[in-house]
Protein chains: 2
Amino acid sequence: MRPVVDLSVYLVLDPDLCGGAQGMIDTTRAAVQNGATCVQLRAPQWKKRELVECGRALKALLVGTGVPLIINDHADVCLAVNAEGLHVGQDDLSPEDARAIIGSDRVLGLSVSDMDELQNVNASLVDHLGIGPIFSTATKKDAGSALGIEGFAALARLKPCPVVAIGSVKTPIVADLMHAGADGVAVVSAICGQPDPAAATRQLANAVANARL
Amino acid sequence: MRPVVDLSVYLVLDPDLCGGAQGMIDTTRAAVQNGATCVQLRAPQWKKRELVECGRALKALLVGTGVPLIINDHADVCLAVNAEGLHVGQDDLSPEDARAIIGSDRVLGLSVSDMDELQNVNASLVDHLGIGPIFSTATKKDAGSALGIEGFAALARLKPCPVVAIGSVKTPIVADLMHAGADGVAVVSAICGQPDPAAATRQLANAVANARL
């Protein structure tokens with residue numbers, strides 16, 4: 001049975017913004033204590049030995065919190081770490097290949113940036129989507145062109161499964177994104193590298209909760 | 001049961017030297033028809049969708065030849081392609097993690113560049129070693145310092161499993177390497193990007209065979 005993932009405040013870790021592995025662990029602890037509901041380990045510039053080591057430390061930190069750990073791109077690292085899920089982009093493993101490797105008990109997320117990609121989603125393989133970038137972003141250089149809130153809404157309206165909005169999402173636009181169909185917001189720099197990641201997470205979590213009222 | 005791998009002439013593909021995926025396929029065909037006994041797909045700069053696609057094409061090409069396909073670094077791609085083996089470096093998945101993912105029916109190779117790494121090899125997990133670089137090399141930027149033939153011999157003397165010599169290996173030094181304990185030679189630029197990859201492979205295969213006389 002796959003865990004049900006609460007996408008409300010989905011933290012995507014960035015080793016550069018966080019200041020390395022220990023910074024990612026510290027950021028995760030602060031975020032999870034203050035309302036982050038999902039954590040993704042993403043470090044495309046890292047070799048796998050370091051990814052596995054950091055992933056295991058994150059997994060140990062998250063035990064008992066109910067917050068799942070999602071590994072970006074690398075299904076093998078997901079297995080080695082025994083993470084709850086994998087996230088793939090359009091140039092990574094196909095959802096078919098990814099699902100065959102991670103099995104039926106892990107969640108699988110997929111990045112989607114336009115209508116063609118959305119209409120190609122096989123919701124029997126994929127559990128949730130990251131739709132973006134909402135605005136152009138410095139933390140993911142291969143992301144597509146910015147959707148804006150209108151563009152996000154057009155895609156989210158047709159969502160075949162839950163979606164998070166991603167790409168330069170900050171607290172002031174959370175309500176608009178939630179009203180446009182987001183099931184949560186995924187953030188990198190809105191938490192990683194912030195002077196007070198705990199407070200930054202609380203603000204995001206409050207904004208998501210308030211938008212649901 | 002793991003396939004027994006003939007390491008005699010081990011081709012490591014390089015997409016830049018070969019000129020992309022089709023170039024790697026053409027190079028592989030020419031090499032295998034002329035004595036290459038093992039083929040590794042290595043393209044660290046590629047995303048996985050492209051790696052899987054190319055890996056499947058190589059696998060289709062190699063069916064019935066008895067030449068195994070080894071995937072560099074990515075155990076998930078190895079599974080997706082159903083390749084015969086995986087090759088990991090010291091910063092990649094650990095042999096323990098790699099073996100747990102690929103199972104007992106695939107071969108596992110490991111890169112070793114010094115005595116410490118050699119003495120840490122667990123030969124119950126690892127099937128063969130790539131020892132190098134013999135000389136400094138432009139095709140693998142994270143390789144250690146050059147061993148020379150003497151340095152290679154010092155390591156090969158203590159080998160716990162079969163070894164290939166790698167790192168700027170060219171035909172004129174094949175005999176020395178074989179006499180120093182190599183079970184074969186692994187090459188990138190000695191085949192990839194050569195004006196006549198077929199002839200280049202034949203020369204290497206002849207040099208290996210002659211060294212065994």
Side-chain angles (χ1 to χ4, degrees), chain A residues 15 21 41-57 59 70-83 85-103 106 108-113 117 120 122 125-126 140-144, chain B residues 15 21 41-57 59 70-83 85-103 106 108-113 117 120 122 125-126 140-144:
Chain A
L41 173 56
R42 178 174 183 276
Q45 65 274 55
W46 279 13
K47 302 282 281 180
K48 289 187 184 179
R49 194 73 62 99
E50 194 170 20
L51 268 177
V52 169
E53 191 180 334
C54 184
R56 285 181 175 146
K59 175 93 172 142
I70 312 281
I71 305 295
N72 185 274
D73 183 11
H74 299 299
D76 46 8
V77 174
C78 177
L79 294 179
V81 169
N82 194 22
L86 176 71
H87 189 88
V88 293
Q90 299 285 327
D91 295 330
D92 300 332
L93 291 172
S94 69
E96 290 75 8
D97 288 335
R99 176 59 72 196
I101 294 169
I102 66 172
R106 291 184 173 86
L108 179 60
L110 174 68
S111 295
V112 159
S113 64
E117 291 173 0
N120 277 329
N122 180 341
L125 295 170
V126 172
K140 190 162 189 294
K141 292 174 181 52
D142 60 345
Chain B
L41 173 56
R42 179 175 181 274
Q45 65 275 54
W46 278 12
K47 303 282 282 179
K48 289 185 185 181
R49 194 73 62 98
E50 194 170 20
L51 269 176
V52 168
E53 190 179 335
C54 184
R56 286 183 175 144
K59 176 92 172 140
I70 312 280
I71 305 294
N72 185 274
D73 183 13
H74 298 299
D76 47 7
V77 174
C78 176
L79 294 179
V81 169
N82 193 23
L86 176 71
H87 188 90
V88 292
Q90 298 285 327
D91 295 330
D92 299 333
L93 290 173
S94 70
E96 291 75 7
D97 289 335
R99 177 58 73 197
I101 294 168
I102 65 172
R106 290 184 172 86
L108 180 60
L110 173 68
S111 295
V112 160
S113 63
E117 291 173 0
N120 278 329
N122 180 341
L125 294 171
V126 172
K140 190 164 189 295
K141 291 172 181 54
D142 61 345

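Chain naming here is simple, since letters A, B, ... match the order of the sequence lines and numbering starts at 1 in each.
Closest approach of L79(A) and I101(B) over heavy atoms only: CD1-CG2, 4.1 Å. Summarising the geometry of R49(B) relative to Q90(A), their closest heavy-atom pair is NH2-O, 2.8 Å, with the distance given to 0.1 Å.
With rounding to the nearest 0.5 angstrom, the NE2 atom of H74(B) is 6.0 Å from the NE2 atom of H74(A).
Within 6.0 Å of CD on E117(B) lie more than 12 heavy atoms contributed by other residues, nucleotides or ligands.
The side-chain contact (heavy atoms from CB on, under 4.5 Å) with D76(B) is formed by just one residue from the set D92(A), I102(A), D76(A); it is D76(A).
Proximity to chain B is absent for every atom of A100(A), based on heavy atoms less than 4.5 angstrom apart. Proximity to chain A is limited to the side chain of D97(B), based on heavy atoms less than 4.5 angstrom apart.
Highest contact tally toward chain B, considering only V77(A), V52(A), V88(A), L93(A), is held by L93(A) [criterion: heavy-atom pairs under 4.5 Å].
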